[in-house]
Structures are given as C-alpha cells and as structure tokens.
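Comments concern the structure below.
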Amino acid sequence: MQTYSNMVSGKLVEATDHQEIFNPATGASLGLAPLSQESDVDVAVEAARRAQGEWARVSDQERRAIVSRVAQVLEENAEYLAELITREQGKPLSGFGSRFEMQGCVAWTQVPAALELPPEVVHEDDTRKDVMHRVPLGVVAAIAPWNWPLMIATWQIIPAIRMGNTVVLKPSEYTPIATLEMVRLINQVLPPGVLNTVSGDGRIGAALTSHPDIDKIMFTGSESTGRKIIGASSSNLAPITLELGGNDAAVVLPGTDAGAIAEGLFWGAFLNMGQTCACIKRLYVHDDVYDAVVSALSELARKMPIGDGMNESNLIGPLQNEMQFNKVKELVADAKEQGCNVMEFGQVPEGGYFLPLTLVSEARDGLRLVDEEQFGPALPIIRYHELEEVIASANRLDAALGASVWASDTDYAQTVAAQIEAGTVWINQHGAIHPMVPFGGNKASGYGVEFGVEGLKAVTQPRIISLKK
Ligand code: NDP
C-alpha cells in the first residue's frame with residue numbers, strides 16, 4: 001500500500017501515524033496519509049518562518065518567474081493529479097470534474113504570476129511624498145476543504161507565495177492524498193520551506209491556526225469552523241480570509257425562456273454533485289415559467305450519466321464522504337415528510353456514496369432543505385408570484401456568498417440583481433468565478449476576498465514610506 005508524506009523544508013517527512021484513505025465511488029483503499037502531531041505543526045511553521053525572509057528578498061520579477069514554473073508543473077502533471085482527485089474526491093474526470101479542476105489550478109496560478117502590485121504614491125505635495133508599498137505578511141496558514149481540494153488550496157497558497165509569504169497548508173482529512181502529491185510536485189521548483197504541509201483532522205487545523213508564529217490565515221469551509229478559527233486567531237492576531245460557503249438563491253424572472261437557461265441552472269446547482277460553496281442551493285421560479293423550468297431540469301437530470309468518475313462517460317459521481325451523504329439524505333427525507341414533491345433521477349450504482357439527482361418541487365421557505373446548506377445533489381424549487389416576495393426570500397438567510405438572476409431581459413435582471421445581498425450576483429450564469437474577479441462572501445458567508453489584485457492585497461500588509469521634501 002502506498003504511503004504519502006508531508007513536505008517540510010523541501011523534504012518529504014515520514015509520519016509516525018497514518019490514516020487510510022478510501023475511494024468514495026468504490027470503497028477501494030487509496031493508501032495511507034500522514035496524521036501529523038501538534039509537534040509537527042511547530043516544525044512546519046518553523047521551517048516556513050526560516051524560509052520566509054529570504055523568499056521575501058527574492059525580486060518580484062524572479063518570484064513571478066518561479067510561480068509561472070509552478071503553473072507549468074501543474075500543467076505537465078494535470079492528468080496524474082486529475083486521476084488522483086477523481087479517486088479520492090469522487091468528481092468525474094470528464095465534464096466539470098477533475099480535469100476541469102486542474103485547468104482551474106493552472107489558471108489560478110498563471111494569473112497571480114502575471115499580476116503586479118507596484119508601490120503607489122498615495123499623497124504628494126510641496127512638503128512630502130508618501131508611497132505605499134505592499135509587503136508580505138509572513139507565514140500563512142492555509143486550511144483547505146474536501147470539495148475542490150486542489151483548486152481551493154491553489155487559491156490559498158499561490159497568491160501568498162507570489163507576494164513573498166511562505167505557507168503551511170493543511171488539506172482536509174477527507175482528501176489529503178492528491179493535495180500532498182500536488183505539493184510534492186510543485187516543491188521541485190520552489191525553494192525549500194516556501195510551501196510546507198501538515199496533514200490530519202480538525203485538531204491539527206486548530207493547532208496551526210492558533211500557532212503564535214502564524215501571520216495570516218486563509219480558510220474555506222463551514223461557518224462553525226470559521227467561528228472557531230476567529231477565536232483561535234486571538235493568540236496570533238493573524239488577519240483571516242474566511243470563505244464560509246453559502247446558500248445561494250437563483251431567481252428566474254417571469255417571461256424567461258426555460259429551455260435557454262436550463263443547462264446553466266442545472267450545472268449551477270449540480271456542479272461537483274452540489275458540493276460547491278457557490279452552487280445554486282435554492283431555486284426561486286416565477287409561477288409563469290415554473291412548470292417549464294421544472295420540466296426542462298427534469299429532462300436534463302434524467303439523461304445525466306452517474307457512476308465511477310474514472311469511467312469517462314460519467315458526468316456525475318458520488319458524494320465525497322459519509323457525513324455529507326447522510327446529511328443530504330436526511331434533508332430530502334424531511335422535505336418528503338413536509339409534503340414536497342421529491343423527484344429522483346438517474347441509475348445509482350451499488351456501493352459508494354452515490355445519490356440520485358433530486359429535484360424537490362413545491363418547496364417553500366422554512367423547509368430544512370431550503371434554509372440549511374445541503375451541499376449535495378438535491379435542489380429545492382420554490383414557486384413565487386411577486387418580485388418583492390422573492391427578493392425578501394433571497395435575502396432572508398444569513399448566508400450571502402453568491403446569487404443569480406435569470407431573465408431574457410438582462411436590463412431588468414440587473415435592476416433585480418442590485419437588490420440581492422450577496423458577494424457576487426451573476427446574471428444568466430451561476431458560480432462563474434474568474435481568476436481576475438474578486439470573490440468573497442457577505443454576511444455569514446465570511447469576509448475578505450480572493451482572486452485578482454484584491455486577492456494579492458489580502459496576503460500583504462501596507463508599508464508607507466513617507467519622505468519630507
Ligand atoms: P469543516 O469546516 O470542518 O472543514 C474545512 C477544513 O477545516 C478542513 O480542512 C478541516 O479539517 C478543517 N478544520 C476542522 N476543524 C478545524 C478547527 N477547529 N480549526 C482549524 N481547522 C479546522 O467542514 P466539514 O468538512 O465538516 O463540512 C461540513 C459542512 O461545511 C459541509 O456540509 C458544507 O456545508 C460546508 N463546507 C463548505 C465548504 C466551502 O467550500 N465553503 C467546503 C467544505 C465544507 P478536517 O476536514 O481534517 O476535519
């Protein structure tokens with residue numbers, strides 16, 4: 001059985017304890033991942049601290065060139081890593097699956113490599129000149145989730161490294177192997193100590209985020225863990241970028257052509273089996289087009305191939321873990337009990353954490369499936385009549401990561417979008433993130449933004465050089 005290792009100071013380190021990782025589609029063993037101890041966190045943070053000064057002194061141009069080489073390594077190893085993602089996380093190789101995730105890793109590495117954050121003259125008069133420089137924060141703790149394990153880790157580590165920080169990354173205990181392999185490969189082109197890992201469960205995440213020598217925390221995951229991390233950061237005062245998932249509403253306006261939007265709605269909701277922070281998790285459809293939208297979505301769901309993602313003809317895989325599998329089943333059972341119309345589609349294979357694609361029509365606000373983040377392939381569809389009513393519904397929850405408005409009249413859609421409280425409101429698309437466009441939540445979906453120039457700023461601190469004339 002293959003044993004995987006953490007990376008510290010550019011070297012693979014053997015762990016004393018391990019956990020076995022299993023394929024969520026087949027139950028097959030994938031190998032042993034390290035289970036770090038708290039003392040390993042100290043060693044990894046120390047390694048990152050030792051490397052940081054020198055890394056920050058590397059010229060900006062050279063750091064950009066090194067990050068470009070990281071992108072190249074990701075590109076060259078994309079197929080190997082995609083297969084590991086499929087075996088470990090479950091998303092299929094094809095469609096919007098693991099090859100798509102690897103394309104994201106490459107793009108979200110190339111863009112920071114190309115971006116610059118030059119010093120800015122913030123004030124000048126006859127008496128003085130004030131220039132703001134952006135300097136690295138130091139050692140960044142990156143805590144990644146299991147849904148897009150490599151892409152989200154890339155969002156966290158690449159901007160940090162690009163700007164002269166060093167990183168200690170903790171992958172999710174559910175999906176450590178592909179991440180550890182990605183880190184091993186990209187360490188070939190990074191100086192030792194710039195990117196280190198610890199691997200284990202939430203206790204190791206807690207030890208890392210509360211470590212006194214951490215200068216910045218990047219976190220994507222649940223709201224409850226996010227709150228714990230805020231508490232942990234009182235020991236190091238590290239600023240945090242918090243991406244806490246959402247319960248995104250999509251609003252279909254009257255008069256919209258159901259056929260034209262069905263595919264966008266479908267993948268907006270079922271991308272990665274719904275296990276995506278910015279997926280459509282509540283679909284509000286005007287009475288005028290309700291039946292047409294439900295029928296167009298049913299048509300698509302009916303023909304979607306479900307199964308082991310290593311088979312390239314499958315476009316829908318299993319859920320990643322038992323906790324998520326049980327949570328989605330429980331929310332669907334509750335909706336059924338509450339009198340909703342539960343429609344299940346697809347031939348679900350035996351074994352593995354497979355669930356059918358599920359559309360729940362005649363759903364309503366207040367239902368658990370609507371109010372709680374299901375993070376799975378079960379979409380509640382709610383009928384509405386008045387615009388004010390649907391805007392109030394879209395804004396009634398604390399979660400506010402993304403939202404979308406769907407309409408044939410895009411001018412009208414923009415006036416509606418402006419009334420929805422969310423970090424991003426898409427029009428006629430959902431979850432359409434881009435490496436140049438800032439992304440982050442409002443309200444309980446977290447704070448701080450990732451991507452683009454704003455994302456680079458988030459892993460630096462301003463330093464003013466003020467000259468008397
Ligand atoms: P968590 O928030 O527990 O996990 C996210 C990451 O945080 C993992 O690496 C986890 O480690 C780590 N972690 C756990 N506890 C701590 C801690 N005290 N301090 C620091 N790090 C910690 O999410 P779950 O995996 O439990 O999923 C639960 C729900 O969260 C899902 O059903 C979904 O609703 C939401 N979620 C949202 C995501 C998003 O993209 N925004 C991603 C994942 C989940 P470990 O996994 O090893 O315990």
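Keep in mind the model is a prediction, meaning the values are calculated, not measured. Note that ligands are numbered from 1 as they come in the structure, with each ligand's atoms numbered from 1 the same way.
Using modelled atom types, one finds a donor on one side chain and an acceptor on the other under 3.5 Å when comparing Thr241 with Lys216. Neither side chain, Asp201 nor Tyr174, offers a donor N or O lying under 3.5 Å from an acceptor on the other.
The shortest side-chain heavy-atom distance between Met7 and Leu169 does not fall under the 4.5 Å cut-off. By the 4.5 Å heavy-atom criterion applied to side chains, Ile143 and Leu208 are counted as neighbours. The closest side-chain heavy-atom distance from Val360 to Met343 is not below 4.5 Å.
In this pair, Phe439 and Phe451 present their aromatic rings parallel. The plane angle is below 30°, not in the 30 to 60° band. Below 30°, between 30° and 60°, or above 60°: for Phe266 and Phe270 the angle between ring planes is between 30° and 60°, a tilted geometry.
If you check which protein heavy atom lies closest to atom 46 (O) of ligand 1, you get Ser172 OG, 3.1 Å. In terms of protein heavy-atom proximity, atom 38 (C) of ligand 1 is closest to Phe375 CZ, 3.5 Å. The nearest protein atom to atom 34 (O) of ligand 1, hydrogens excluded, is given as Glu373 OE1, 2.7 Å; this is a heavy-atom distance. Among all non-hydrogen protein atoms, the one lying nearest atom 21 (N) of ligand 1 is Gly205 CA, 3.6 Å.
When Ile229, Thr225, Leu208 are checked for heavy-atom proximity to atom 13 (N) of ligand 1, Thr225 turns out nearest. Ranked by closest heavy atom to atom 11 (O) of ligand 1, the top entry among Lys170, Lys281, Glu173 is Lys170. Closest heavy-atom approach to atom 23 (O) of ligand 1 within the set Pro145, Ala399, Ser222: this belongs to Ser222.
Under the rule for a side chain to side chain donor-acceptor pair (under 3.5 Å), the partners of Lys443 that lie at least two apart in sequence or sit in another chain are Glu421. In this view, Asp334 satisfies the salt bridge (Lys or Arg N to Asp or Glu O under 4.0 Å) rule with no residue, not counting sequence neighbours.
Every atom of ligand 1 with a heavy atom of Asp201 under 4.0 Å away is listed here by number and element: 47 (O), 48 (O). Counting atoms of ligand 1 from 1 in the listed order, those under 4.0 Å from a heavy atom of Glu243 are 41 (N). Distances below 4.0 Å separate heavy atoms of Lys228 from the following atoms of ligand 1: 18 (N). Against a heavy-atom cut-off of under 4.0 Å, Gly245 is close to the following atoms of ligand 1: 41 (N). Listed by number with element, the atoms of ligand 1 under 4.0 angstrom from any heavy atom of Trp146 are 24 (P), 25 (O), 27 (O). Less than 4.0 angstrom separates some heavy atom of Thr220 from each of these atoms of ligand 1: 5 (C), 39 (C), 40 (O), 41 (N). Within ligand 1, the atoms closer than 4.0 Å to a non-hydrogen atom of Ile143 are 6 (C), 7 (O), 9 (O), 12 (C), 21 (N), numbered from 1 in the order shown.
Inclusion of Ile152 in the set of residues having an N or O under 3.5 Å from an N or O of ligand 1 is not warranted. Checking only distances, Asn147 does come within under 3.5 Å of ligand 1, N or O to N or O.
Residue Glu88 comes nearest to Thr175 through the heavy atom pair OE2-C, 3.2 Å, listed as atom of the first residue, atom of the second, then distance. The two residues Thr179 and Ala153 come nearest to each other via the heavy atoms CG2-CB, 4.4 Å.
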Inset, instruction - For side-chain contact (heavy atoms from CB on, under 4.5 Å), just list the numbers for Thr197 and Leu180, CA-CA rounded to whole Å, side-chain angles, deciding distance to a tenth of an Å, and then say yes or no. - result: CA-CA 8 Å; Thr197 58; Leu180 293 174; 3.6 Å; yes

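Shown here, atom 18 (N) of ligand 1 is in close reach of the protein: a heavy atom of it lies under 4.0 Å off.
Phe375 has its ring centre less than 6.0 Å from the ring centre of Trp146.
Heavy-atom distances between Gly200 and ligand 1 reach below 4.0 Å in at least one pair.
Residue contacts with ligand 1 for Met323 involve side-chain atoms from C-beta outward but no N, CA, C or O (heavy atoms, distance under 4.0 Å). Of all the heavy atoms of Gln324, the ones lying under 4.0 Å from any atom of ligand 1 belong exclusively to the side chain. Contacts with ligand 1 closer than 4.0 Å are made by backbone heavy atoms (N, CA, C, O) of Ala144 only, the side chain lying farther away. The part of Phe219 lying near ligand 1 is the side chain, judged by heavy-atom distances below 4.0 Å.
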